[in-house]
Structure formats: C-alpha cells, structure tokens
Protein chains: 2
Amino acid sequence: MKNLKLKAARAAMDLSQQELADAVHVSRQTVNAMEKGDYNPSIRLCLSICKVLGKTLDELFWEE
Amino acid sequence: MKNLKLKAARAAMDLSQQELADAVHVSRQTVNAMEKGDYNPSIRLCLSICKVLGKTLDELFWEE
DNA sequence: ACATTTTGTCAAGTATATTTTACAATTTGT
DNA sequence: ACAAATTGTAAAATATACTTGACAAAATGT
C-alpha cells in the first residue's frame, strides 16, 4: 500500500521528508506515513503536496 | 468555497445526497458538508465518491 | 393545497488524523 | 571507518473528520 508515486515525485524535486513537511506545514512523521501507506490524509494536505511537487491529484493519489 | 463540481456530478447521476452517502458509507451530513465546502474530507472518501460518480480526483477536487 | 422527498443546519459524541518527543536503523558523504 | 543526515517507527496528547439524532426550510410530485 506504499505510495511510491509520492516518494518518487519528492525525490525528483530533491526534497527530504522534513523539507516537504515544512513546505506544507505538517510534521515529518505525517509525510513519512503518507509514503508508507495505510494512511488516510486529508484532501487539502494532498492538494498542498501536489502544488509543491508540481503534480496533480490524479498523478499522485489515484489508485485503480 | 462550495464544491459545485461535486454537486453537479451527483445530479448528473440522479442521486440524492442520501443515496450517494449510502453508496460510500458515510452519513448524509458528510456529503452535505462536502458540497457546502469549508470542509476537509479524507482522500479515501474523495476516491470513493469519484468511483461512484465516474469522475477523477482532478475533475471533482482540483482547485487553482 | 397537500404529502413526500430532499436539503440545510445544529449540537454532542466517537473515531481517527496529526503533533510532539524520542530513539534506532539506514543511507550518504568524506 | 566514521560522522551527519535521512528515514522508520512508537507512544501519548491534541485537533478535527465523521456520526447520530433531530428539526426546519425548500423542492418535487400528485
């Protein structure tokens, strides 16, 4: 259930979990949990992350 | 801050708030709050609604 | 006009996302 | 090999999503 698309998008921007967390004003553990999966973040947090990483909701959070 | 895209997509499927709520296993008040706006639902709930309404996350929840 | 369905809204309770602190495991750079 | 940064993880506290029950306003059908 890991979110590898998120992890990859963060890596592509050369950001640590801490840096991404700071950019969207959440804790590092929250970003870690999102990448780890089995987690259910809010849509606003997802939108914030999308904007920082230059991706859309579908690109980072859609699942078949 | 109303989510009119959600409201319109639900109307297009001819579903009441109650029927959509039942389909995604939340209360009618939760669906109402999402359409009303000033609300921050979970990504999983958004995904469930997308699948019922035949739309993507970007179509219903993206905002510039 | 009337009955029925749908919607808007509120207040109190429950479930869970998110924070904070802390520490071990892993990776990266020199 | 060593130091520093990054990541994985856990437990307790706090913030907030979501529920339940209830009632009025508005819309829809006959």
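A, B, ... follow the sequence lines: proteins, then strands. Residue 1 opens every chain. These numbers come from the heavy atoms of this one structure, side chains and all, not from hydrogens, waters or symmetry mates.
The minimum heavy-atom distance between B/Pro41 and B/Cys46, with the atom names listed, is CG-SG, 3.8 Å. Listed here is the closest heavy atom pair of B/Cys50 and B/Leu60: SG-CD1, 4.1 Å. Shown here for A/Leu53 and A/Ala9, the closest heavy-atom pair between the two residues is CD1-CB, 3.9 Å. What you find for A/Thr30 and A/Leu45 is that their closest heavy atoms are CG2-CD2, 3.8 Å. Counting all heavy atoms, side chain and backbone alike, B/Leu15 lies closest to B/Arg10 at O-NH1, 2.7 Å. The two residues A/Lys5 and A/Trp62 make their nearest non-hydrogen contact at NZ-O, 2.7 Å.
If you take CD of A/Gln29 and C1' of C/dA22, they are 10 Å apart, rounded to a whole angstrom. Rounded to whole Å, atom P of D/dA5 lies 17 Å from atom CZ of A/Arg10. Rounded to an integer number of Å, the gap from A/Asn32 CG to C/dT20 P is 16 Å.
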Might you list the N or O atoms of the protein lying below 3.5 Å from N or O atoms in nucleotides 16-18 of chain C, with each pair's distance?
from   : atom 1 : to      : atom 2 : distance (Å)
C/dT18 : OP1    : A/Ser42 : N      : 3.4
C/dT18 : OP1    : A/Ser42 : OG     : 3.4

Interface polar pairs with nucleotides 27-30 of chain D, N/O, under 3.5 angstrom:
none

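Rounding to the nearest 0.5 Å gives a distance of 9.0 Å between CD of A/Gln17 and CD of A/Gln29. Going from atom CZ of B/Arg44 over to atom CG of B/Leu47 covers 9.5 Å, rounded to the nearest 0.5 Å.
Here C/dG8 is the nucleotide among D/dG8, C/dC10, C/dG8 with the atom lying nearest to any side-chain atom of B/Arg28.
Between the side chain of B/Arg28 and the main chain of B/Leu20, no donor-acceptor pair closer than 3.5 Å is present. In terms of modelled atom types and a separation under 3.5 Å, the side chain of A/Asn3 and the main chain of A/Met34 share no donor-acceptor contact.
For the side chain to side chain contact (heavy atoms under 4.5 Å, CB included) test, residues two or more places apart in sequence or in another chain that qualify with B/Lys2 are B/Leu4. Not counting sequence neighbours, the partners of B/Gln18 by the side chain to side chain donor-acceptor pair (under 3.5 Å) test are B/Asp22.
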Verdict with supporting geometry, A/Ile43 and A/Leu57, side-chain contact (heavy atoms from CB on, under 4.5 Å):
CA-CA 9 Å; A/Ile43 185 82; A/Leu57 284 171; 4.0 Å; yes
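Within residues 12-24 of chain A, no residue places a heavy atom under 4.0 Å from DNA chain C. A heavy atom closer than 4.0 Å to some atom of DNA chain C occurs in no member of residues 51-58 of chain B.
Residue A/Lys7 places at least one side-chain N or O under 4.0 Å from the OP1 or OP2 atom of D/dG8.
Residue-level contact check: A/Glu35 touches neither bases nor backbone, having no heavy atom under 4.0 Å from any strand.
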